[in-house]
Protein chains: 2
Amino acid sequence: MNIGQASRASGVSPKMIRHYESIGLMPPAQRRDSGYRDYGTADLHRLGFIRHARDLGFSLDRIRVLLGLWGDPGRSNADVKAIANAHVAELELRARQLNEMADALRSLADACDGDGRPDCPIITSLETGMAVPACHPDTPEGATEPLIPRTKAGADR
Amino acid sequence: MNIGQASRASGVSPKMIRHYESIGLMPPAQRRDSGYRDYGTADLHRLGFIRHARDLGFSLDRIRVLLGLWGDPGRSNADVKAIANAHVAELELRARQLNEMADALRSLADACDGDGRPDCPIITSLETGMAVPACHPDTPEGATEPLIPRTKAGADR
DNA sequence: GTTGACCTTACCACAGTGGGAAGGTTCACA
DNA sequence: TGTGAACCTTCCCACTGTGGTAAGGTCAAC
């Protein structure tokens with residue numbers, strides 16, 4: 001089976017299949033006399049595993065570990081679960097950060113008339129780093145606060 | 001003012017300040033006789049703007065546009081608002097994708113005993129690309145479904 | 001035999017940030 | 001006046017994960 005066929009069967013681009021081989025995620029492929037790579041069902045299986053893991057957002061480095069556990073008959077599912085849980089936590093953290101940004105920016109955009117004048121609270125906030133001053137239900141009168149609370153996201157850049 | 005002082009005052013690393021200059025986000029800095037860059041309040045102001053925009057997740061390319069609007073007295077806040085809204089939509093999309101991944105993986109991890117045996121639904125799912133079969137409140141009896149519904153995220157990789 | 005689809009390797013690109021090397025400057029302190 | 005620490009300069013390389021593209025070889029159908 002060609003790399004192109006393996007690609008269509010696995011949903012991994014030929015480019016990436018070669019890349020995965022070059023970084024050792026995939027074993028060196030069998031070669032035909034022509035030099036063409038030749039893939040079998042075991043390879044397809046492995047490519048599928050990698051792809052599913054990528055779809056769940058695992059980094060290639062973590063996938064390397066997962067592949068190791070997959071192939072280890074004496075593995076402990078506790079190890080797998082620990083990796084999965086760590087990854088879930090990371091995904092949730094990143095999602096939270098993105099949502100914080102979206103919330104902050106949405107409230108800025110909501111405060112902007114968009115009526116064609118130059119006057120713009122979004123620009124003002126970017127200048128000053130402060131959130132829109134008023135009309136915040138849960139903010140004390142006229143108080144301003146940092147756009148994004150300086151916790152994790154971008155705190156020390 | 002040195003690049004180091006500008007860095008501390010703006011929260012942008014010296015490395016990044018130079019980078020922003022090299023790609024034209026910052027104008028070429030004034031130089032002292034020694035060749036050291038010299039920054040004034042206008043530069044600090046601009047660095048702050050960039051940093052706040054970065055904190056909101058804007059790409060450097062979009063920041064370039066925002067800086068242009070910032071410096072344009074005849075700008076329309078509708079333009080700014082449009083950029084902001086587009087960015088909010090992107091942030092939300094990415095956050096949603098991450099949450100989908102997290103949800104899928106969390107349910108896999110929940111289905112894993114983690115009792116030290118090799119047996120592991122997470123690994124099985126990565127092999128087959130299917131979600132855990134049972135115990136899904138809103139899933140018909142024994143039905144299995146793709147781990148991540150093939151919509152946008154990673155559909156065509 | 002020709003043609004088109006496919007394969008090979010090898011390099012470059014992206015975004016955004018960090019690391020480090022090799023060398024020059026500034027400034028305080030002895 | 002010398003010295004050392006802390007700073008600055010430019011230049012190159014690294015990372016992640018993916019895509020592009022170029023120059024060339026192969027395969028299969030017609």
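Lettering follows sequence order; numbering is per chain, from 1.
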Nucleotide dG17(D), atom P - distance to CD1 of I63(A) in whole Å: 8 Å
Partner set under side chain to side chain contact (heavy atoms under 4.5 Å, CB included) for D33(A), not counting sequence neighbours: none
Distance test, side-chain N/O of Y20(B) to OP1/OP2 of dA15(C), below 4.0 Å: no
Residue whose closest nucleotide on DNA chain C lies nearer the 5' end, I3(A) versus D61(B): I3(A)
R54(A) CZ - dT16(D) C1' separation (whole Å): 8 Å
Contact list for DNA chain D against residues 31-41 of chain B - heavy-atom distance below 4.0 Å: R31(B), G35(B), Y36(B), R37(B)
Min side-chain heavy-atom separation P28(B)-E21(B) under 4.5 Å: yes
Whole-Å gap separating P (dG17(D)) and CG (D55(A)): 14 Å
Minimum-distance nucleotide to N2(A) side chain [options: dG19(D), dG16(C), dC6(C)]: dC6(C)
Check ion pair R46(A)-E127(B) (N to O, under 4.0 angstrom): no
Counterpart residues, ring pair (Phe, Tyr, Trp, His ring centres under 6.0 Å), relative to H45(A) (two or more places apart): W70(A)
Donor/acceptor link under 3.5 angstrom from K15(A) side chain onto base of dG17(D): no
Atom-to-atom span, CZ of R18(B) to C1' of dG16(C) - whole angstrom: 16 Å
Euclidean distance, atom CE of residue M16(A) to atom C1' of dT16(D) [Å, nearest integer]: 10 Å
Where P27(B) and D43(B) come nearest, the two heavy atoms and their spacing: CG-OD1, 4.4 Å
